[in-house]
Number of protein chains: 2
Amino acid sequence: MMDSQTDIGILAGTEIFRSLSGEILDEVRRAASRRRLARKEVLYHQGDAVRNFYVVVVGRLRATQTTEEGNQIALRYLGPGELVGYAALAGIPDYPGTVVAVEDTHLFAWSAGAMRELMGRHPQIALNAVAVLGTRYRETQARLREISTETVERRIAHALLRLARQAGRRTAQGTEICFPLSRQDIAELAGTTLHTVSRTLSGWEKDGIVLSAHRHVVVCLPEMLAAIREAAS
Amino acid sequence: MMDSQTDIGILAGTEIFRSLSGEILDEVRRAASRRRLARKEVLYHQGDAVRNFYVVVVGRLRATQTTEEGNQIALRYLGPGELVGYAALAGIPDYPGTVVAVEDTHLFAWSAGAMRELMGRHPQIALNAVAVLGTRYRETQARLREISTETVERRIAHALLRLARQAGRRTAQGTEICFPLSRQDIAELAGTTLHTVSRTLSGWEKDGIVLSAHRHVVVCLPEMLAAIREAAS
DNA sequence: CGATGAGTTGATCCGACTCAACCACGGTGG
DNA sequence: CCACCGTGGTTGAGTCGGATCAACTCATCG
């Protein structure tokens, strides 16, 4: 009973189940199951038939898309409160990307059918879904514009600022991105190669803008990164 | 009375109002107003406060996004039955892009508030919105992957194939893209310059893959374009 | 019949990718 | 506990796709 209440509290804090009455939240909770993933474990693969919809409770996941040639880009990093597997909401038959845990993660899960039923019975859930998908769509459009008009350096700066905002932890040196993040990972976000990322970060580290250890980045001077992102350079 | 019936028929054929009962469609129709745009006329500008939501009845529009430096990319072309101004559904306060008519266009319009009310009262509309936004989100993710991993030539091939599918008319020579489309327009879709598009199309015209006149393109050998899009080339 | 927007084509240049070699951790197993 | 090996990271040299710069032609329209 205590657990039910904490679960409901968690659900109330997610983007898809916000602004719901306690009664509806309880109905949502009863339909949910749990899923745990260890670091590097895959939630689902690109092309798999869509079965489930998830919400992150704790941890962090990475959504990627791969071409036939094996070229990979990172679509998004997903943290607590965010929904995973939007395809289940939209009625898309196959998952368009692969989702993998970048740290140990705990999720709530619903079947695609249960979610669509919940949305049909409770319009507020559907409205929340519209808001989330609209926001993600807009963000992706902005990234599309960015990647086709901006230089690599500016894109890397923007990617780091986004990560710092999404998953930053304030420390003495600055804002630390608090999950393991390799050069390759950053390259897949910025649409470039790990070589270029490595060179760029080395330069920034010399200027004191960032600090980096093994798969670990700290943004020291976010205002400098913001300037790089915006400046004509 | 006759007009009401034809309007309801039109609404029933749109992506956002499909699968609704006649009664609900009539309610939707009563809340609608009309808007006409001449070629080159702007429906709304990037950054404008969101007031309305639209559905295309006849004609075609282009949605673009511009950077501070004036660099522009085309987000999407919108034809009959498609929704315009998704920001009004998602509760986004400012339009993220500019929408302009590429030919004379007729739309239905609703206020943002009316649409959100309709979605709240009729979950099927909200579910349709989720499906549309989910599909567009997925398409944009795919374009993001494409632009950051594929060559310009392949992207141009893909852009032409998409346009031919969306707005193609079969003719003796092949599939004609039936609205005015300049080299610059194609460049903004493919994320390149009009110079590169011009060179590429000249080459393809030599091989009989496409035909082009002034702001006018015919795809003669779509299977060759598909091969270019996919081949390692 | 100018004027203006659209298209072509050549020459040049540069940002970023590719290829390559090497180094530094850190996790694992003997 | 330490040696080992693999993953991750750095850095240099060379190359190239496509942008940029530039000059010119050709439609279209007022």
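Convention: sequence-line order gives letters A, B, ...; per-chain numbering from 1. All values derive from a computational prediction rather than experimental measurement.
Taking a heavy-atom distance under 4.0 Å as the criterion, the stretch of DNA chain D touched by chain A extends 5' to 3' from D:dG8 to D:dA13.
To the nearest 0.5 Å, atom OH of residue A:Tyr95 and atom CD of residue A:Gln65 are 15.0 Å apart. The CG atom of A:Leu107 lies 10.5 Å from the CZ atom of A:Phe53; values are rounded to the nearest 0.5 Å. Expressed to the nearest 0.5 Å, how far OG1 of A:Thr66 lies from CG of A:Asn71 amounts to 9.0 Å.
An OP1 or OP2 oxygen of C:dC17 is reached within less than 4.0 angstrom by a side-chain nitrogen or oxygen of A:Thr196. Phosphate proximity of C:dT9 to B:Ser202: present, with a side-chain N or O under 4.0 Å from OP1 or OP2. Dashed line: the shortest gap from a side-chain N or O of B:Ser182 to OP1 or OP2 of C:dA6 is not under 4.0 Å.
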Please tabulate, for the side chains in residues 206-229 of chain B, all donor-acceptor contacts under 3.5 angstrom to protein atoms that are two or more places apart in sequence or on a different chain.
residue, atom, partner, partner atom, Å
B:Ser212, OG, B:Arg183, NH2, 2.8
B:Ser212, OG, B:Glu205, OE1, 3.1
B:His216, NE2, B:Glu176, OE2, 2.8

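Between the NE2 atom of A:His195 and the C1' atom of C:dC22 there is a distance of 13 Å, given to the nearest Å.
A salt bridge does not link A:Arg62 to A:Glu103: none of the charged nitrogens lies less than 4.0 Å from a carboxylate oxygen. Between B:Lys40 and B:Asp104 there is no salt bridge, since no side-chain nitrogen of the basic residue lies less than 4.0 Å from a carboxylate oxygen of the acidic one. Ion pairing between a basic and an acidic side chain is recognised when a charged N comes within 4.0 Å of a carboxylate O; A:Arg199 and A:Glu153 show no such pairing.
Helix bend of the helix from C:dC1-D:dG30 to C:dG30-D:dC1: the angle between its two end axes, each built from five pairs, comes to 40° after rounding to 10°.
Checking B:Gln141, B:His158, B:Arg154, B:Arg155 one by one against B:Glu146, the side chain to side chain donor-acceptor pair (under 3.5 Å) holds for a single residue, B:His158.
Both A:Arg199 and A:Arg215 sit near DNA chain D, but only A:Arg215 has its closest nucleotide nearer the 5' end.
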